[in-house]
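So the structure is just underneath, and the comments pick up after that.
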Amino acid sequence: MSTKWGWARFGDFLHPNSRPYTLGAEEDANLVGMRLYGAGPFHRELKPAMQIAKKTHFVIKLGDIIYNKLFAWKGTFGIVPRGLDGMFVSDKFPTYELDRERVDENWLRWYFRCPVLWEEARTMSTGSAALSKLTLNPPKFLLLTMPLPPLDEQRRIVARVEALSAKIEEARSLRAQAAEGVRGFVASLHVKMAGTRVRRLEQFLELFEEQERVQIGGSYPQVGVRGFGQGLFERSPVEAAHTTYAAFNRLYAGAVVLSQVKGWEGAIAVCPSSLAGRYASPEYRTFRCISGEAEPEYVAPLFASPWFWSRLSDLTRGVGARRERVRPELFLRMEIPMPRIEDQRRALPLLDNLGNVAKCQAETAPELDALLPSILDRAFKGEL
């Protein structure tokens, strides 16, 4: 990145301010972690004293500059907010005092979100990223660089960046509201068309799996199912020798693919023709629509709606990793309102139009994601 102001080293405006603290034998600790890509510190957990083996920790204070040595190359930089004042970190999280007569903290906060900084941290780190040991130690942290205009100019540009960032977030919010509106309309349309006609899923879906044994040493295109109705996605080909599974389900267009682990979280989708012939691991169970009872194009947006996930969630018990799996027999016993096949077919043109709206919304997401990095790049080049 070229800049018209020149570069300053972090050591020119950051000064170590370590505050070692020895926890008492019965003293619990509020521990802080760091989010990736400049998202800053967060309260990780209140850890009971009996689970803390190493009692030496470090106190952090409001306004401290903090980073994680092990993941600096992934942007683990931030500024301590008021809510974390007085909490603890390990020696993996060095802290510094900012010279606020030279640097506006919001200027630094935004710079922490710049990929150019993460890349500089990567080149200065030592160790192996593959083993999560790519470490940026404090002496090299202070050698990182940042564009440094006069303080008034920093504040002017920060105000501009924050105004533009607010507009981006507003656009994200409107897009999310529109997507939620489409899904809500699909659910209300479904319920209205079904009326009092209630069916078990087994009356219009049946378990149908075409399993194939994968040859050792070969490779195969594999798919997964994203949660929250985001559909199927294609994974990179996986070497068969790297998996313990012997057989995989071969998908076909129109197959209903259910994640037994995350189905209750919206990980259920209908396979499009573009992914037909790919494989799904045994974690995913596949069903087909019974002819004359259900159309795949009709049930696809239904399964992508929160209305359906909430009902599926009611079938399973537990929380987190201990939550019960969505077994096929349990799934097929689920009851929902279901319109007749002729009503489903009449609704297909409208659902197709709604799908096009949702597709357009999805296509804007990468554009919105690219806006802020582009704005920051221009900001720190002095082009805002």
Side-chain angles (χ1 to χ4, degrees), residues 8-114 117-118 120-122 124-127 129 131-146 148 151 154-155 158 162 320:
R9 288 183 173 180
F10 278 21
D12 295 336
F13 52 83
L14 293 177
H15 312 288
N17 62 354
S18 175
R19 305 181 191 90
Y21 182 91
T22 302
L23 294 166
E26 298 182 358
E27 189 174 3
D28 302 337
N30 279 302
L31 301 181
V32 167
M34 294 295 294
R35 298 184 183 91
L36 304 180
Y37 309 120
F42 68 99
H43 180 216
R44 193 180 76 205
E45 63 178 323
L46 173 60
K47 195 164 188 176
M50 65 179 63
Q51 296 180 16
I52 303 175
K54 189 176 181 180
K55 296 297 183 179
T56 300
H57 280 64
F58 297 84
V59 180
I60 59 174
K61 293 293 185 181
L62 171 66
D64 279 353
I65 309 304
I66 185 171
Y67 83 103
N68 181 335
K69 295 192 294 186
L70 296 181
F71 293 98
W73 58 288
K74 285 193 173 183
T76 51
F77 305 99
I79 302 175
V80 175
R82 187 174 303 279
L84 302 183
D85 184 61
M87 293 189 181
F88 298 97
V89 292
S90 73
D91 59 359
K92 299 295 190 294
F93 301 82
T95 59
Y96 299 84
E97 181 179 355
L98 174 65
D99 182 352
R100 286 171 168 78
E101 293 186 359
R102 295 196 63 192
V103 178
D104 182 272
E105 73 170 45
N106 288 316
W107 174 265
L108 182 59
R109 194 193 313 276
W110 282 112
Y111 191 64
F112 283 158
R113 298 180 65 172
C114 285
L117 172 63
W118 313 336
E120 186 180 14
R122 187 192 65 78
M124 289 188 179
S125 297
T126 57
L131 300 175
S132 296
K133 296 293 184 182
L134 194 58
T135 304
L136 182 70
N137 287 310
K140 289 190 175 180
F141 170 77
L142 293 175
L143 297 179
L144 293 173
T145 57
M146 181 183 74
L148 194 62
L151 200 56
Q154 294 175 40
R155 290 168 178 161
V158 163
E162 290 180 347

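Scope of the values below: all heavy atoms of this structure, side chains included, with no hydrogens, waters or symmetry mates. If you're wondering where the values come from, they're calculated on a predicted model, not measured in any experiment.
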Test side-chain contact (heavy atoms from CB on, under 4.5 Å) on F77 and L117 and set out the steps. CA-CA 10 Å; F77 305 99; L117 172 63; 3.9 Å; yes
Which side-chain N or O atoms in residues 8-16 pair as donor and acceptor under 3.5 Å with protein atoms at least two apart or in another chain?
{"residue": "D12", "atom": "OD2", "partner": "R9", "partner atom": "N", "Å": "3.1"}

pair [X]-[Y]: side-chain heavy atoms closer than 4.5 Å:
| X | Y | value |
| --- | --- | --- |
| M124 | L144 | yes |
| L148 | Y111 | no |
| P81 | P41 | yes |
| L136 | Y67 | yes |
| I66 | V89 | yes |
| F112 | I79 | yes |

Can you pull the salt bridge (charged side-chain N to carboxylate O under 4.0 Å, His left out) pairs that have at least one residue in [range], sequence neighbours excluded?
| range | result |
| --- | --- |
| residues 27-46 | none |
| residues 51-70 | R19-D64, K54-D91 |
| residues 72-90 | none |

Using the test side-chain contact (heavy atoms from CB on, under 4.5 Å), find all partners of P139 that sit at least two apart in sequence or belong to another chain.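 Partners of P139 by the side-chain contact (heavy atoms from CB on, under 4.5 Å) criterion, ordered by chain and then number, come out as N137.
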Looking at residues at least two apart in the chain, or sitting in another chain, which of them share a side-chain contact (heavy atoms from CB on, under 4.5 Å) with Q51?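 So Q51 forms a side-chain contact (heavy atoms from CB on, under 4.5 Å) with K47, P48.
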Strictly by ring pair (Phe, Tyr, Trp, His ring centres under 6.0 Å), give each pair with a member in residues 43-62 just once, sequence neighbours left out.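 Found none.
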Hey, could you give me each pair passing ring pair (Phe, Tyr, Trp, His ring centres under 6.0 Å) that has a residue in residues 84-105? Not counting sequence neighbours.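 Counting only pairs at least two positions apart or across chains, the ring pair (Phe, Tyr, Trp, His ring centres under 6.0 Å) contacts touching residues 84-105 are Y21-F88, Y96-F141.
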Looking at every non-hydrogen atom in both residues, tell me the closest pair between [X] and [Y] and how far apart they are.
| X | Y | value |
| --- | --- | --- |
| V103 | W107 | CG1-CD1, 4.3 Å |
| L134 | S125 | CG-CB, 3.6 Å |
| L23 | A29 | CD1-CB, 3.9 Å |

Listed partners of [X] passing side chain to side chain donor-acceptor pair (under 3.5 Å), at least two apart:
| X | result |
| --- | --- |
| T145 | E120 |
| R109 | E105, N106 |
| R155 | D104 |

Kindly write out the residues that satisfy ring-ring contact (aromatic ring centres under 6.0 Å, His included) with W118, not counting sequence neighbours, or none if the list is empty.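 With sequence neighbours excluded, W118 shows a ring-ring contact (aromatic ring centres under 6.0 Å, His included) to Y37, given in chain and number order.
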So, the side chain of Q154 versus the backbone of R102: is there a donor-acceptor pair under 3.5 Å, distance only?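 Side chain of Q154 to backbone of R102: a pair is present.
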Could you state the interatomic distance from CD1 (I65) to CD (E97), rounded to the nearest 0.5 Å?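 Here the interatomic distance stands at 9.5 Å.
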At what distance, to the nearest 0.5 angstrom, does OG1 of T135 lie from CG of N68?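 Going from the OG1 atom of T135 to the CG atom of N68 covers 9.0 Å.
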